[in-house]
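Everything below concerns the one structure shown next.
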2 protein chains.
Amino acid sequence: METTHDLFKKLKSFSEPELQTEILKHAKFLKANKGDILIKEGQYLNFLPIVIDGLLRVYQQNEDREILLYYVGPEQTCMMSLSSAYFDYYSTANGIAMEPSEILVLPAHLIAEWQLKYPSWNKFIINTYKSRYDELLNAFGSVAFKPIHVRVKEYLTEYVKNESSNKIPISHQTLANELGTTRVVISRILKQMEQEKLVKLYRGYIQLKV
Amino acid sequence: METTHDLFKKLKSFSEPELQTEILKHAKFLKANKGDILIKEGQYLNFLPIVIDGLLRVYQQNEDREILLYYVGPEQTCMMSLSSAYFDYYSTANGIAMEPSEILVLPAHLIAEWQLKYPSWNKFIINTYKSRYDELLNAFGSVAFKPIHVRVKEYLTEYVKNESSNKIPISHQTLANELGTTRVVISRILKQMEQEKLVKLYRGYIQLKV
DNA sequence: AATAGTGTGTATCAAAAGATACTTATCTCA
DNA sequence: TGAGATAAGTATCTTTTGATACACACTATT
């Protein structure tokens with residue numbers, strides 16, 4: 001179990017001592033295994049999950065295809081849950097644990113209450129809205145304007161930039177899911193990129209050159 | 001000029017008297033003509049515009065094409081401005097007045113201050129984030145998954161649903177801009193729909209049947 | 001009436017993306 | 001080691017979307 005000390009070392013956003021006390025008073029802790037589905041489209045949520053450790057993947061689904069909305073990492077919460085919890089509305093996306101994750105769970109009604117009491121909480125909420133919105137806007141612009149081969153390139157370079165390793169451990173199928181297309185399309189594009197010496201392809205990972 | 005009375009008849013979201021006093025104290029009023037560009041991509045905004053009367057169109061641009069993000073009508077504010085003003089960040093979209101509009105303009109720094117003081121203001125802000133996010137998510141899903149002819153149909157039926165007239169006064173070119181494609185594509189689809197007896201086409205407007 | 005601007009119809013061609021099907025390689029684990 | 005699952009390569013075909021070009025109709029203005 002987390003001690004107070006450890007927890008707020010990780011959740012740096014919540015600096016106010018009173019807020020910390022409140023969180024400890026009301027929060028439950030949840031451990032999710034890799035692959036656990038935490039949020040389903042259409043589901044009503046009356047809680048807000050804040051990731052302590054691990055990674056959640058939030059995506060939309062449409063019959064056979066799916067597309068990534070965003071990841072939720074440590075110190076972050078999920079837009080879907082926030083909207084859903086705040087407005088008593090159902091979720092419009094799915095959330096799944098990508099890694100074994102540890103999650104702090106708060107009752108929904110506290111979101112609004114704390115917003116008026118704790119500036120750092122308010123900032124956290126607004127920050128979540130803003131950054132998720134920006135991400136989505138970005139993705140939207142890409143989908144609307146950029147051909148897939150460009151989106152593939154951007155995905156890979158973005159990944160490498162964040163991880164500072166040029167090996168991206170992802171299968172063609174998974175990459176297709178991230179970008180909302182099909183495996184064959186991705187394989188074709190990657191092969192083309194390999195011929196242009198932009199990448200090297202291996203089973204299970206892609207090495208970005210340049 | 002607006003009197004207090006008239007103004008808050010229109011801006012029903014701001015119910016608290018103290019908030020109303022504050023708004024009147026700090027707000028400036030702006031009249032925009034049809035076609036006036038109010039927000040440009042890349043621009044820093046240190047104010048928050050709230051529409052009293054009229055309509056703003058917020059869109060993204062990419063070289064030759066553009067795509068609609070959302071409209072801002074009376075009692076609403078613009079997500080771009082909100083993000084931009086709140087976080088001292090530049091706008092990532094463009095805003096143009098579609099009609100002669102009257103706009104209330106507030107200094108950016110008040111957004112955060114009032115959020116802690118006035119629950120109705122806080123609700124307004126959060127509501128803006130949520131509804132804009134939902135709209136965008138919706139649009140994103142459409143662009144990612146739905147072929148254009150479906151998006152055209154949905155645009156038209158959505159329009160009719162809101163306006164309760166089955167005549168949609170829009171040119172093919174403008175419709176193309178709304179959906180992020182080109183005029184020829186739209187004309188082609190509409191002609192096809194006409195042959196399927198779904199619409200009747202006229203110069204400058206489209207009549208939706210069914 | 002002449003003209004310019006806008007709106008629409010449509011043909012042709014090209015490119016992008018997706019569907020399907022089959023093959024081969026690699027991994028995992030009983 | 002052998003079966004099943006997963007990953008990847010590729011060929012073929014179709015559909016969707018976009019680009020370009022041109023014709024024609026309507027509108028507004030002079």
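By convention in this document, chain letters (A, B, ...) are assigned in the order of the sequence lines, proteins followed by strands, and residues within each chain are numbered from 1.
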| Nearest-neighbour nucleotide for the A:Ser171 side chain, D:dA7, D:dT17, D:dT12 considered | D:dA7
| Whole angstrom value for the distance that separates P of C:dT6 from CD1 of B:Ile170 | 17 Å
| said: If the threshold is 4.0 Å, N to carboxylate O, is there a salt bridge linking A:Arg57 and A:Glu66? | reply: yes
| said: Whether A:Thr181 contacts C:dG18 is assessed here as follows: a side-chain N or O lying under 4.0 Å from the phosphate OP1 or OP2. Is that the case? | reply: yes
| request: Could you walk me through whether B:Gln76 and B:Arg132 pass the side chain to side chain donor-acceptor pair (under 3.5 Å) test, one step at a time? | output: CA-CA 10 Å; B:Gln76 299 182 329; B:Arg132 293 312 179 200; 3.1 Å; yes
| request: Specify the separation, in whole Å, of atom CD1 of B:Ile189 and atom P of C:dT10. | output: 15 Å
So which protein nitrogen or oxygen atoms get under 3.5 Å of nucleotides 3-6 of chain D's nitrogens or oxygens?
{"from": "D:dT6", "atom 1": "O2", "to": "A:Arg203", "atom 2": "NH2", "distance (Å)": "2.9"}

| task | Spell out yes or no: do the side chain of A:Arg183 and the base of C:dG18 have one donor N/O and one acceptor N/O closer than 3.5 Å? | result | no
| field | Separation of C:dG9 P from B:Lys200 NZ (nearest whole Å) | value | 14 Å
| message | A:Asp134 vs A:Lys130, test: salt bridge (Lys or Arg N to Asp or Glu O under 4.0 Å). Steps then yes/no. | response | CA-CA 6 Å; A:Asp134 282 354; A:Lys130 183 200 161 28; 2.5 Å; yes
| query | Starting at the 5' end of DNA chain D, which residue's closest nucleotide do you reach first, A:Gln195 or B:His149? | reply | A:Gln195
| said: Nearest to the A:Lys191 side chain among D:dG9, D:dT20, C:dA17, which nucleotide is it? | reply: D:dG9
| task | Measure from OH on A:Tyr205 to P on C:dT26 and round the result to the nearest Å. | result | 12 Å
| query | So what does A:Ile148 touch, heavy atoms closer than 4.0 Å: a base, only the sugar-phosphate, or nothing? | reply | sugar-phosphate
| query | Do A:Arg183 and A:Ser187 have a side chain donor and acceptor closer than 3.5 Å? | reply | yes
| request: Write down the distance between NZ (A:Lys146) and P (C:dA16), rounded to a whole number of angstrom. | output: 17 Å
| field | Any N/O donor-acceptor pair, B:Arg188 side-chain to D:dG18 base, under 3.5 Å | value | yes
| field | Protein-nucleotide distance (B:His172, atom NE2; C:dT10, atom P), rounded to Å | value | 11 Å
| Separation of A:Asn177 atom CG from C:dG18 atom P, in whole Å? | 13 Å
| request: Find the distance B:Ile67:CD1 to D:dT17:C1' and express it as a whole number of Å. | output: 14 Å
| Any idea how A:Trp121 and A:Trp114 line up, ring-wise: parallel (<30°), tilted (30 to 60°), or perpendicular (>60°)? | perpendicular
| request: Check every atom of C:dG18, D:dA21, D:dG18 against the side chain of A:Arg65 and return the nucleotide holding the closest atom. | output: C:dG18
| request: Give the nucleotide from the list D:dA21, C:dA17, C:dG18 with an atom nearest to the side chain of A:Pro147. | output: C:dA17
| field | Test item: A:Ile96 and A:Lys34 side chains (from C-beta on) under 4.5 Å apart, heavy atoms | value | no
| message | Under the criterion side chain to side chain donor-acceptor pair (under 3.5 Å), I'd like the reasoning laid out for B:Asn122 against A:Gln115: C-alpha separation, chi angles, the key distance, then a yes or no. | response | CA-CA 8 Å; B:Asn122 185 46; A:Gln115 248 196 305; 3.2 Å; yes
